[in-house]
Novice: 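Quick one: the structure is below, and I'll ask about it shortly.
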Amino acid sequence: MNSFVAGQAAAREEPSLQTELKTESAAALYPLLQLLGQLLNVPLVYLELAQPGSDPDSAAKGILYRDPQRIPGNEPLSPPESWPFHEAFPLLDEGGRWLATLHLLGECPRPLSLPERGQINLIALSLRHILLQAQEQQQALAELRAQLQHSRSTAARYQQIFENAVEGIFQTTPEGKYLVANPALAHIFGYESPEDLMRHVSDIGSQIYGDPEQRSEFVQRMLKEGQVVHAEQQVCRKDGKKIWISLNARTLYNEQGEPLYFEGFVTDITASRQLKERQQQLEEARRESEHRFLQLAENSQQLFWISTLCGKELIYVSPACEAIWGLSPAEAYANPQAWMRHIHPDDRWLFPAIFQAQLQGQPTDVVFRLCRPDGCILWLRERTFPILDKEGKLYRVAGIVEDITESKQLEAERRRIEQAWQQSANHFRQIFELAPNGIALVDLQGRFIQVNEAFAQIVGYTPEELQRRQQLDILHPDDVNQLLAANEALLTRKVSISQRQIRYIHRSGQVVHVLFQATLLTDEAGQPTQFLNQVIDISARVEAEIALRESEERFRQSFEWSPIAKAMTHLDGTYFQINAAFTETLGYTLEDLKGKTVLDITHPDDIAATLESTNRLLAGEVHHCEQEQRYIHKNGQIVYALLRITLVRTAQGDPSYFLSQILDITERKQAEAALRQSELSLRGIFEQSALGISIVNRQGRYLKVNPALEEILGYSAAELVSRSFCDLTHPDDIEEDWRLFQEVVNGQRDRYHLEKRYIHRSGKVVWCRLAVSAVRDPEGKNLFVIGICEDITEERQAKLQIQAALQEKEILLREIHHRVKNNLQIISSLLRLQADQIKSHKYARVFKDAGSRIQAMSLIHEGLYPSNNLAAVDLKQYLHNLISNLFRSYGVNPEIIRASIRAEGIRLNLDDAVLCGLIINELVTNSLKYAFPKGRSGQIDVHFKQTRTHTQLRVSDNGIGLPRNFDFKETQSLGLQLVATLTDQLQGKIELRNKSGTTFIITFPRSQP
């Protein structure tokens, strides 16, 4: 800043500086410096300006803003290096050339915050834009003056230059009629000669511009400003093709100062503009691609790396390397091949071929195991691909590593489950097919689904024939209601198994008596699917019973219907009669026991005792024997029984047969074993539990405590047994605890839960979560009360700390939203005030548009500040505020142009809401500016709707619409370019419908607020 003193003098002569900087540009610079000084609260802001061909070290003029309250205008300023606070921001043009440097000076050193730097960048962008406009204006004026001076000095050569000029030269009346045109101009507009152009074009506004209003704006500017420099406009050729031209023109006046005509130069810049736009698009696409790549790499759970050939040097590695390789990024960069030492020994043979393929520029895909330094073994899938330089030569390798350990484990578990299921299915199929009893699967309507061979033999049909029949087709008519009732009981879950004796009609017409058992099968959801029926053919037994009924009725009643299992056996131990209870107890029918003896179904360890008892009976030592004995059930289970054996003798006293009575005591034995196991388990749980457990009497005194309670309270078991729990309870908790305890003791409640405080032996307070319940005898009398407590002191302290931290963070977050909203509203208001002071409609419009965009962001934070949910924005209220502000800003009468907003129940997170707010701001602004010309009435609709995965925004109006072939992706409108960029940031798609007005439809993925 060698020219700082000269800049002070220039600042004191503001009118001369404004003249040198073309008045309007300078007038726009000083208020921005003033605004920046007020926002940052610095007393001095200096803009050091460059001159053409100069560098940052050359002398240059500048513009200075000083706070008159802190630094009076007549006070000399010290050099910048003597100021405690000094920050410099260079402003460069698109070619990297120096335009100016923005200096901030203050009395106290301080760092710039992130919001302050954002404000500096916003104002610096406006300063750069104004400087570029001023520079272009000066260059254009210089060129125009040079051309005019040259044309005067070379009047003789004017005609030749006029005729052969590459640029189009013209003179036109303000009404839009050509006075003079050269061949280049005719060629640009697609006419054969200047005469052809002047003969056919009688109204430039409608024939060249295609829009009379665009010509009208040009004429008004020419009349007001007297010239137009480097104005880029889109015009129409004779064949209707649209081209871009650069226009330099001036207004010539008569002696009275009245405009005579316009003259100037026209250059066809269509090709260069298209090239520049294409370059900008490519550059933006490249930057966006790099940004998305970094976001993806940094946030992906997959490991991404780039290295030189053979992995000697890591160019980039993503943070996921720590989770996958077990190395931090710093360790990976320091030793790129360190992770290779942890490859599982059985998988190292894969990598020589992988490295060779990489050197040959081939992509690779390998699955291997990695032994992490922490001992964990991971399954990894690594895919690599080559990276070529501009000449197409291989110079780097990139790779993606994915942890597939979980999928490998799931695949192994799936195979195990499938094998187990297949094995289970095979076992069921074998049991079904080879079972000696008849088995049938029947659907809920009574149709046979599948039967085994034994069932088919019982009823005389083949399995195939039965699959085309219903169960009622072969059932005895008198047993139909019995079967239907059994099925109804199963379906209503009154019983789980239905057993009964029914009759089938054999294919031959004979009646077959069967023992029928039905079970209801269900699916995973518990819904009934089919019946499983098992039948045993008992026709022979039924016939025998009928034959012997009259002679053995009394004996049969006492034998058959006895609830105790009974059996009659020959002296050699073979069975010849058993009762139903025997079959129910041991599972055997008399048919099953043919050829078997008592010893065949007796547990091997009890055979000796059985032989001893029978020998004593045969010897006449006793009349009967009683003993506990174990039998082997038909299904293989052990049945414990109390056995009473009696020897029945003939009238002559000779042994005839044995009568055995078997009382099933299996459940009692199991209950005794379970009780013993339960006592052992409860004793282990009581002693080893991490929770404090106590047993107290009706007076609340401890009867027994476990070691965990001793540790929680600090007292030994002997000390606690002599105390009541009230003696150790915090005084504030005694009343409630004793009240609940008495309700349990008096039978008013079974249990209660309470968080209470105990006084530790050391005197400290211990918070516990207490569960108390009563133990009663079968008559309901209280035996004792059990209390279980868990030490939650640390949990309570952590909970209080978390609640305090959350409350503090919520207050801080609300304050941040409030301050951001205030700062944005200040900036928006200042920009609007400054726009009102700028005479140039173009510059004023830039400030107003910027203020509108900032206001759209401010409303987001204004809505979040009082909201209960700081992570999501209520779109309905926000959109009403946003569109109301736009209507007021553009002076729109809501009775003429109506707004329809539909966003009920739509909530977006902060990022998506800001982007959508800016998009709506741009699209509604365009509708207000262009859709309803000359006071035309209409409607603007802003509608949101959401699906489970996507959100759709529709902004439409019923105005005049856009031109037929309008392509918003190729337009130069900053607003529409901003809409496209914001849609990309939403990862969405935009669609334009140009029928009966204009409709923009933007669809983007739905994110959870």
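Just so we're clear, the structure is a prediction, and the values are computed from it rather than from any experiment.
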Novice: Is a salt bridge present between E795 and K799, judged by a nitrogen-to-oxygen distance below 4.0 Å?
Specialist: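 Answer for the salt bridge query: no.
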Novice: Using the side chain to side chain donor-acceptor pair (under 3.5 Å) rule, take Y758 and D791 through it: C-alpha gap first, then chi angles, then the decisive distance, then the call.
Specialist: CA-CA 10 Å; Y758 286 101; D791 187 349; over 6 Å; no
Novice: Using every non-hydrogen atom in the two residues, find where I404 and V367 come nearest and quote the distance to one decimal.
Specialist: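 It is CD1-CG1, 3.7 Å.
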Novice: Looking only at atom types and distance, does a side-chain atom of R372 sit under 3.5 Å from a main-chain N or O of A323, one as donor and one as acceptor?
Specialist: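 Yes; judged by distance alone, with no hydrogens or angles, the pair exists.
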Novice: Which word best sums up how the rings of F304 and Y316 line up, parallel for under 30°, tilted for 30 to 60°, or perpendicular for over 60°?
Specialist: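 Plane angle between 30° and 60°, so tilted.
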Novice: Less than 4.0 Å between a side-chain N and a carboxylate O, is that true for E736 and K756?
Specialist: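 No, no charged N to carboxylate O under 4.0 Å.
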Novice: Mind listing the closest non-hydrogen atom pair of V744 and D750 along with its distance?
Specialist: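 Taking V744 first and D750 second, the nearest heavy atoms are CG1-O, 4.0 Å.
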Novice: For the backbone of G917 and the side chain of N921, can you confirm whether one donor and one acceptor N or O come within less than 3.5 Å of each other?
Specialist: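 Not a single qualifying donor-acceptor pair exists.
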Novice: Would you indicate whether the side-chain heavy atoms of W738 and C726 approach each other to under 4.5 Å?
Specialist: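 Yes. Closest side-chain heavy atoms under 4.5 Å.
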Novice: Looking only at heavy atoms, what is the nearest atom pair of H344 and C371, with distance?
Specialist: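 Scanning both residues, the minimum pair turns out to be CD2-SG, 3.8 Å.
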Novice: Roughly how far, to the nearest 0.5 Å, is the CG atom of D733 from the CG atom of L754?
Specialist: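 If I round to the nearest 0.5 Å, the distance is 7.0 Å.
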Novice: Do you know the tightest heavy-atom contact between I695 and F784?
Specialist: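 The pair with the smallest heavy-atom distance is CG2-CD1, 3.5 Å.
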Novice: Whether the side chain of T529 engages the backbone of L521 through a donor-acceptor N/O pair (distance < 3.5 Å, no angle test) should be reported.
Specialist: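 Present.
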Novice: First locate atom CD of Q637, then atom OG1 of T666, and finally report the distance between them rounded to the nearest 0.5 Å.
Specialist: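 Reported value, rounded in 0.5 Å steps: 9.0 Å.
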Novice: Run R383 and Q302 through side chain to side chain contact (heavy atoms under 4.5 Å, CB included) and show every step you take.
Specialist: CA-CA 11 Å; R383 289 165 287 174; Q302 296 178 335; 4.1 Å; yes
Novice: Determine whether a donor-acceptor pair (N or O, by modelled atom type, separation under 3.5 Å) exists between the side chain of T951 and the backbone of R1006.
Specialist: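 Not at all, since once roles are kept as given, no pair shorter than 3.5 Å links the two residues.
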Novice: Ignoring hydrogens and angles, tell me if any N or O in the side chain of Y752 forms a donor-acceptor pair with the backbone of L770 under 3.5 Å.
Specialist: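 A pair under 3.5 Å: no.
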Novice: Inspect the contact between R415 and E411 and indicate whether a charged nitrogen and a carboxylate oxygen are less than 4.0 angstrom apart.
Specialist: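 Salt bridge between E411 and R415, a charged N being under 4.0 Å from a carboxylate O: yes.
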Novice: Could you tell me which non-hydrogen atom of L491 sits nearest to which non-hydrogen atom of P528, and how far apart they are?
Specialist: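 Smallest heavy-atom distance, with atoms named: CD2-CB, 4.1 Å.
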Novice: Tell me whether D737 contacts the main-chain N or O of I734 through its side chain, where contact means a donor paired with an acceptor under 3.5 Å.
Specialist: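 Here the side-chain-to-backbone pair does not exist.
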Novice: Using modelled atom types only, decide if a donor and an acceptor are shared between the side chain of N697 and the backbone of Q699 within a distance under 3.5 Å.
Specialist: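 Yes, because the side chain of N697 sits within donor-acceptor range (under 3.5 Å) of the backbone of Q699.
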Novice: Would you say T405's side chain and W379's backbone share a donor-acceptor pair under 3.5 angstrom?
Specialist: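 Here the side-chain-to-backbone pair exists.
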Novice: So, N706 side chain and L691 main chain: donor-acceptor pair closer than 3.5 Å or not?
Specialist: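 Indeed, once roles are kept as given, a pair shorter than 3.5 Å links the two residues.
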Novice: Kindly give the heavy-atom pair with the smallest separation between Y640 and D664, and that separation in Å.
Specialist: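 Here Y640 and D664 meet closest at O-OD1, 3.2 Å.
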Novice: Any side-chain donor paired with an acceptor under 3.5 Å for E710 and S716?
Specialist: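 No, because no side-chain N or O of E710 sits under 3.5 Å from a partner of the opposite role on S716.
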